[in-house]
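Quick notes on the structure that follows.
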Amino acid sequence: IATTLLSAAAAFSPARTSTPLRSVTSLDASKCGDFDFDVIIVGCGVGGHGAALHSRAQDLTTAIFSGQDVGGTCVNRGCVPSKALLAASGRVREMRDSAHLSEFGIEVEGEVKYDRAGVAGHAKQLANKVKGNLEGSLVALGVDIVDGRGVLTGSAHEVKDESSGKVYTAKDIILAPGSIPFVPPGVTVDEKTVYTSDGALELNSVPEWVAIVGSGYIGLEFSDVYTALGSEVTFIEALPNIMPTFDREIAKLAERLLIRERPIDYRTGVFASEVTPGIPGEKPVTIKMIDANTKEHVETLEVDACMVATGRVPNTQNMGLEDSGIETQRGFVAVDEKMRVLSKHEDGEVIPNVWCIGDANGKMMLAHAASAQGISAIENIVGREHAVNHDAIPAACFTHPEIAMVGPTEEQAIERAEKEGWTLGKSQGSFRANSKALAELEGNGMAKVLYNKDTGKVVAVHIIGIHAADLIQECSNAVAAGTTVQELSMMVHTHPTLCEVLDEAFKGAVGMSAH
């Protein structure tokens, strides 16, 4: 992550003569004038880290308040350790699939076993390693790390260390406090039998039957982990469709590949109105469900464990926002396209020299989006106007197979085309016709390219299939650069590779055939 963010920071900067970076403190900050620092960043997740790296790349004296949580949610309780669990459980799933292995001519004798503590330890070790790398990169570049949690004092340019009470000053302040799991009313979390993603990542047990409240990215990924390790899963989804935030065509295929073929069932259109923890091995978790519309009781489940995956909310409470004239909506801080904080969401005024990035502004709750916003904020601080194109930021769900996307869903693209007066085009590529996918015996999946027929520009791409998360970057770059399907159709893709699935879709958009 540190290397990626360093590269991203460099990419945003114009060519210039490099100057040696030095460790700075409030005593020798040379460019700050009457302030301790040029920039103070409150929060040290991926967004805050990205902002800090780019701030130092611009030779700005920089301090970051870590709240004793370098790496934030992504590194310690999210993206990074969950990938470790998915990697380990995925190996178990592959090695237990004797029918799949036999097609390769491979036979595994005896039972495939795993050590739960060892799997959990792999995730913890990875998180600690990445956290150490991030902290090391900050120190190496001369960023001052303040261990306490930073809060605004109500006076301009000031941030107070909540632990020590010491006040630091900076010309510009970037808020990057991140988010925390949302727990709905009526749900009691003990992080043992009823837990959020924070508790699930500890993998303290592998329940025989686990209910997952919510069927978004987090819930889907954990259903993949649990079923691979031997659990049965029941999804509880408040909206009418399973996987409601995904493109519907992709969601339907995902339902077949990720749900129907596994020990998973689901309830839709219901709220988990009351969830009561149990006692492992003695008393089940009780989940009372009500109809999402009528609010009438419909069913009560008794399961071994319940994971609450109902989204996340900004970690902005008790930050001194109100004292600084900043109103929030459900905790979210309003910002403009430059990441400048606004006093309120409707007709708000810019709060001078205060910026907000990442989950706290609600624009796109992804770690790499937070990093992009942090880099963008620094660009604007140094006087180079910049706005993040959120339509060009990709996202991925690391199930087996993976799901990835960039841009709006097809349903959203249809609405946008009608509203803006252009014609939507659609073209698809299939993993079933891809030599590399067939060599891996992973022919299930598709790539869907949505484009503007009038201009040829790519609007969105949705992929489900092996390594979809890696394939989406080419598409993200195309959206960001305004590349047309005509141009993409003439670009050469390595054979045989999975990216030829995209080549098929690009060529199909202009009436060409791919071999």
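For residues 296-310, the salt bridge (charged side-chain N to carboxylate O under 4.0 Å, His left out) pairs, not counting sequence neighbours, are R267-E299.
For the residue pair A123 and A84, the shortest heavy atom distance occurs at CA-CB, 3.5 Å. Scanning all heavy atoms of the two residues, the minimum distance from C356 to A360 falls at SG-CB, 3.7 Å. Residues L134 and G71 share a closest heavy-atom pair of CD2-CA, 3.9 Å.
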- Task: Apply the test salt bridge (charged side-chain N to carboxylate O under 4.0 Å, His left out) to residues D36 and K166: give CA-CA distance (whole Å), side-chain angles for both, the deciding distance (0.1 Å), then the verdict.
- Result: CA-CA 12 Å; D36 297 331; K166 182 177 179 180; over 6 Å; no
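Looking only at distances, no side-chain donor or acceptor of T234 sits under 3.5 Å from a matching main-chain atom of A211.
No donor-acceptor contact under 3.5 angstrom links the side chains of S343 and E327, judged on distance only. For the 3.5 Å distance criterion, the side chains of H467 and E442 fail to qualify, holding no donor opposite an acceptor. Side-chain N/O atoms of Q373 and H390 include a donor and acceptor closer than 3.5 Å. Checking H400 against S89 by side-chain atom types alone, no donor-acceptor pair falls below 3.5 Å. Between H157 and T169, the side chains place no donor N or O within less than 3.5 Å of an acceptor N or O (distance only, hydrogens not considered). In the model, E202 has no side-chain atom that pairs as donor or acceptor with a side-chain atom of Y195 under 3.5 Å.
Between L138 and C44 there is a side-chain heavy-atom pair separated by less than 4.5 Å. Side chains of R312 and F182 form no contact here, defined as non-hydrogen atoms less than 4.5 Å apart.
Only one option out of I236, V194, V187 pairs with I287 in a side chain to side chain contact (heavy atoms under 4.5 Å, CB included); it is I236.
Remark: K448 engages E410 in a salt bridge, criterion side-chain N to carboxylate O under 4.0 Å. Salt bridge annotation for R149-E162: present, with a cationic side-chain nitrogen under 4.0 angstrom from a carboxylate oxygen. A salt bridge links R262 to D224: one of the charged nitrogens lies within less than 4.0 Å of a carboxylate oxygen. Between E221 and K83, at least one side-chain nitrogen of the basic residue sits less than 4.0 Å from a carboxylate oxygen of the acidic one, meeting the salt-bridge criterion.
F246 and Y217 have tilted rings, their planes meeting at an angle from 30° to 60° on a 0 to 90° scale.
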